[in-house]
Amino acid sequence: TWAVINEADLSLIQMLIDNGADLNVKDRNGRSPLDYAAFHRDKELCFTLIDHGAEFYEELRCKSRSFRNDLRERYERVKFPLRYAVKQGD
């Protein structure tokens, strides 16, 4: 199902999400859809996956520290909004 992530068409990904695709499934190499999106540095796709329940983890295949930090921040904002707001001083 997630083989399409390599040539991500956001509308196709959205269709998979809308139809209940498991966003945290891992392939035989142990990689999730978020792994592939992060590897290809597709921030819009990463945020879409996170916004719909994909789990962020530190071992994500991402070479850029700042990109990883952006993903971590988005995940914390979505998953833990109150804690994120306190952390930001809101």
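Note: hydrogens, waters and symmetry copies are ignored here, and every other heavy atom, side chains too, is used. Small disclaimer: the values here were computed from a predicted structure and weren't measured.
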When rounded to the nearest 0.5 angstrom, what is the spacing between [atom1] in [X] and [atom2] in [Y]?
| X | Y | atom1 | atom2 | result |
| --- | --- | --- | --- | --- |
| Asp22 | Leu16 | CG | CG | 11.5 Å |
| Leu34 | Phe39 | CG | CZ | 14.0 Å |
| Cys62 | Arg41 | SG | CZ | 6.5 Å |
| Arg74 | Thr48 | CZ | OG1 | 7.5 Å |
| Asp18 | Ile13 | CG | CD1 | 11.5 Å |
| Leu49 | Gln14 | CG | CD | 9.5 Å |

Donor-acceptor pair, distance only, cut-off 3.5 Å: does the side chain of Arg68 make one with the backbone of Leu60?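 Indeed, once roles are kept as given, a pair shorter than 3.5 Å links the two residues.
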So, the side chain of Asp27 versus the backbone of Asn29: is there a donor-acceptor pair under 3.5 Å, distance only?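 Such a contact is found between Asp27 side chain and Asn29 backbone.
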Relative to the ring of Tyr75, is the ring of Phe56 parallel (under 30°), tilted (30 to 60°) or perpendicular (over 60°)? tilted
Nearest heavy atoms of [X] and [Y], plus distance in Å:
| X | Y | value |
| --- | --- | --- |
| Leu71 | Cys46 | CD2-CB, 3.4 Å |
| Gly30 | Asp35 | O-OD2, 4.0 Å |
| Leu23 | Gly53 | CD1-N, 4.0 Å |

If you look only at pairs with a residue in residues 52-62, which of them pass as a salt bridge (Lys or Arg N to Asp or Glu O under 4.0 Å), with sequence neighbours excluded?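 Only Glu55-Lys79, Glu58-Arg72 qualify under salt bridge (Lys or Arg N to Asp or Glu O under 4.0 Å).
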Looking at side-chain heavy atoms only, is the closest gap between Leu10 and Asp42 below 4.5 Å? no
Which residues pass the side-chain contact (heavy atoms from CB on, under 4.5 Å) test with Glu73, not counting sequence neighbours? Arg77, Tyr84
